[in-house]
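Numbered from 1 within each chain, the chains take letters A, B, ... in sequence-line order.
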Amino acid sequence: MTKMKDNKLSFLKKKENVTYAIVIAVWIIMEILLKAGVVSSHLSGLLVPMCYYAIVAVGLNLCVGILGELSLGHAGFMCIGAFFSAAFSQIFKDSLPGGLRFFLALVIGIAFSALFGFLIGIPVLRLNGDYLAIVTLAFGEIIKNILNSLYLGLDSKGFHFSLTSMLELGMEPDGKTLINGAMGVTGTPRDANFTIAIFLLIVSLIVVQNLINSRDGRAIMSIRDNRIAAESIGINVTKYKMLAFTMSAAIAGMAGVLFSHNISTLQATGQYFGYNVSIMILVYVVLGGIGSIRGSVIAAAVLYLLPELLRGLNKYRMLIYSIVLIVVMIINWAPAVLDKRQELMMKFRKGNRKNGTA
Amino acid sequence: MALLEVNDLCIQFGGLRAVDDFNLNIEQGELYGLIGPNGAGKTTVFNLLTGVYRPTEGQILLDGKNITGHKTAEINRDGIARTFQNIRLFSKMSVLDNVKVALQDRYHYNTLTGILHLGSYKKLEKEMDAEAMEILSVFGMDKDAELLSSNLPYGQQRKLEIARAMATKPKLLLLDEPAAGMNPNETAELMDTISLIRDKYKMTILLIEHDMKLVSGICEKLTVLNFGRVLAQGNTKDVLSDPEVIKAYLGDE
Ligand SMILES: Nc1ncnc2c1ncn2[C@@H]1O[C@H](COP(=O)(O)OP(=O)(O)O)[C@@H](O)[C@H]1O
Ligand SMILES: [Mg+2]
């Protein structure tokens, strides 16, 4: 309630704004380094993936930390976003300008992952209990396997699809192959770049952080904290669970669109879309602090980059990675450390207040 | 017409008739007590009234409207709010947000407005803040608004549950053992709070309580339950001097 409009630091008073500031600072620093030509091609190739893993972690945190439901299938939603948007971009590769095409690809990818999230939510979120984890785990694997054997083509007669072979599509000679079974989608225009990825990360942050501070967000968190009490004050539990889960899936789909428009060959392999990836994203969320959106972004960025950057140190790579996991765990979960952090935060806030009024 | 009219309510869990042939009439503005030994079925009555359980038989009318079989959330919108025997706060949310989330049925803006923080967002949030703070100040908790609700002392947590229930603007307030686990000071404070709600909001209250001092001090009428059945019903004085009641309930204290 204290007014501090004259304080230059007042923008950073809100914890949400600190998150945006960190992301923008990273973007500015990396852009300068990239322009200066001091970034290795290895690292520069990691920047877009870093952003899409941060985005999917933000989306998963909405499901796990804010709604309080466990999902083990977010790689599956990413996969859907990636494939549907890549197929779309294939169709309009030559007929639409890059910017508009990517925007529409985003809309398509997000819409389809949201749709799948919604369809899964209808039966599962009505139940009270940990059914979502098992269903999403199965969903992720099924989606990956279907997309691995899906053939999709387009000719003047419309779409053709098959689960066995290209030949079975019976396409006209001038038809376009969109998805070629295990070979996936090849030649997707590389419409994504680091700046777009940062922009989309900020969009996902705005959506989730604003949601948390809104009517719907409070309803969602009340269900997480106590479903029975939420019902007793008139909250429509199923509706808000559906809303949160669908949005969470949609955000994962957005990350998928970045994924497919950052590489020329998209394949539904376990390495990129298997359950192990879903669990890796969950690790980002848990280590970043369940319910802490900023924590998810930082954990995803650090924990994604670290093993990649340590590739040179072959022997010690996993050792260092494990140590970092343990340290992050202690920083974000040990009660003593949390208290200390709280204290420091209070001091920082108070210090600012003094500066501001003096 | 009674505000709450319960006719021949009955629920069976397996072989157990936890509540049997239960009748109750509460007039607008009354402070009504529901007492009885542990396991008598008092909480089950609340769960039936609020749609947590569906009655096997019987009928519940609120303000003349049949609400039997309605879902819990609907029943709250129909006008019944409650607290819980085991505190059920939104523990990872602030004290203020615990109340704001209960207000939101009366402050509508859509999801998109909420995500963009545009349009009516600022205005409605401000109004919600103001109303929530007003409710909290009635309960003397406005200074704790920013605290995490789980960091409140026990007695305050119970109060916050009442504040949250009141924020839904109910016609009937159900309190399940509000004084449970409180020390005499806290209990006295709670009695003041309950009287305050009555006077300020003209609230009709049905409360379950073990603390006889509290019950005889504030309740005008009582129903005594024993093994799921009504043992006695009527004015507090008459009921408490009923020999059956003394034998079944007060006698074994
Ligand atoms: N969901 C349920 N399933 C089975 N038995 C129940 C259930 N809820 C309550 N009961 C039983 O109903 C009886 C009354 O319980 P309750 O209403 O909690 O009593 P109290 O009067 O102490 O609040 C108890 O014997 C309890 O075990
Ligand atoms: Mg009870």
Side-chain angles (χ1 to χ4, degrees), chain A residues 1-2 14-17 62 64-68 114 126 128 203-244 246-247 250-251 289-292 338-339 342 346 349, chain B residues 46-47 50-52 71-84 86-94 96-118 121 124-125 128-129 133 145-146 149-150 161 164-170 174:
Chain A
M1 320 271 123
T2 37
K14 276 177 73 184
K15 65 179 202 289
E16 293 82 10
N17 292 343
L62 172 58
V64 176
I66 309 303
L67 175 62
R126 282 171 189 284
N128 303 312
V203 168
S204 70
L205 284 170
I206 290 175
V207 167
V208 174
Q209 303 201 79
N210 281 1
L211 178 76
I212 292 173
N213 289 311
S214 78
R215 202 176 164 270
D216 293 348
R218 283 188 295 269
I220 293 164
M221 291 187 289
S222 76
I223 297 166
R224 166 198 69 191
D225 283 357
N226 202 306
R227 182 183 57 82
I228 291 174
E231 280 176 343
S232 84
I233 55 164
I235 302 287
N236 184 339
V237 169
T238 307
K239 172 184 150 189
Y240 285 108
K241 277 176 153 183
M242 291 295 294
L243 174 70
T246 305
M247 281 181 66
I251 292 169
I290 288 179
S292 160
L338 286 180
D339 287 350
Q342 186 92 21
M346 290 295 224
R349 291 248 158 89
Chain B
F46 273 21
N47 285 336
T50 55
V52 176
K71 293 203 183 96
T72 305
E74 277 174 72
I75 288 178
N76 177 256
R77 280 175 233 135
D78 291 333
I80 301 183
R82 72 176 290 188
T83 65
F84 297 88
N86 312 308
I87 298 176
R88 289 177 177 274
L89 285 175
F90 306 128
S91 54
K92 294 194 207 91
M93 294 168 69
S94 71
L96 182 69
D97 281 352
N98 266 269
V99 178
K100 271 174 89 178
V101 71
L103 289 176
Q104 66 185 27
D105 222 40
R106 288 182 281 120
Y107 292 88
H108 265 287
Y109 60 79
N110 61 30
T111 305
L112 196 64
T113 305
I115 287 173
L116 297 176
H117 284 193
L118 292 175
Y121 172 84
L124 289 174
E125 284 287 319
M128 287 171 93
D129 279 336
M133 286 306 281
E146 301 296 324
S149 66
S150 54
E161 257 204 333
R164 181 181 68 186
M166 289 299 297
T168 66
K169 283 232 158 99
L174 310 181

>> Side chains of H117(B) and N213(A), heavy atoms from C-beta outward: is any pair under 4.5 Å?
In response: yes
> Is Y109(B) close to R215(A) at the side-chain level, that is, under 4.5 Å between some pair of heavy atoms?
Replying inline: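 With C-beta onward as the side chain, the pair touches.
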>> Test of understanding: with ring-ring contact (aromatic ring centres under 6.0 Å, His included), list the residues that count as partners of F84(B), not counting sequence neighbours.
In response: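 Here no residue qualifies.
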>> Please determine whether the number of non-hydrogen atoms from other residues, nucleotides or ligands lying under 6.0 Å from atom CG of D339(A) exceeds 12.
In response: yes
>> Tell me whether the count of non-hydrogen atoms from other residues, nucleotides or ligands lying under 6.0 Å of CZ in R126(A) goes above 12.
In response: no
>> Counting only non-hydrogen atoms closer than 4.5 Å, does L124(B) touch chain A with its backbone (N, CA, C, O), its side chain (CB onward), both, or neither?
In response: neither
> Which answer fits L89(B), side chain, backbone, both or neither, if we ask what part of it has an atom under 4.5 Å from a heavy atom of chain A?
Replying inline: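 Looking at L89(B), just its backbone touches chain A.
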> For chain B, which residues from residues 225-232 of chain A have at least one heavy atom closer than 4.5 Å to it?
Replying inline: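 Hits under 4.5 Å: D225(A), N226(A), I228(A), A229(A), A230(A), E231(A), S232(A).
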Nearest 0.5 Å please: distance from the [atom1] atom of [X] over to the [atom2] atom of [Y].
X: N210(A); Y: I115(B); atom1: CG; atom2: CD1; result: 8.0 Å
X: T72(B); Y: I235(A); atom1: OG1; atom2: CD1; result: 12.5 Å
X: T111(B); Y: K239(A); atom1: OG1; atom2: NZ; result: 6.5 Å
X: I233(A); Y: Q104(B); atom1: CD1; atom2: CD; result: 7.0 Å

> Which one of E74(B), E125(B), R82(B) has the most heavy-atom pairs closer than 4.5 Å to chain A?
Replying inline: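 Most heavy-atom pairs under 4.5 Å with chain A: E125(B).
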>> Run R77(B) and N236(A) through side-chain contact (heavy atoms from CB on, under 4.5 Å) and show every step you take.
In response: CA-CA 11 Å; R77(B) 280 175 233 135; N236(A) 184 339; 4.2 Å; yes
>> Counting heavy-atom pairs closer than 4.5 Å to chain B, which one of V237(A), V207(A), I223(A), V208(A) comes out on top?
In response: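 Sorted descending by pairs with chain B, the first entry is V207(A).
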>> If we define contacts as heavy-atom pairs under 4.5 Å, which of S222(A), A219(A), G217(A), G291(A) has the most with chain B?
In response: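 That would be S222(A).
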> Closest approach of R224(A) and K92(B), non-hydrogen atoms and distance?
Replying inline: NH2-CB, 3.6 Å
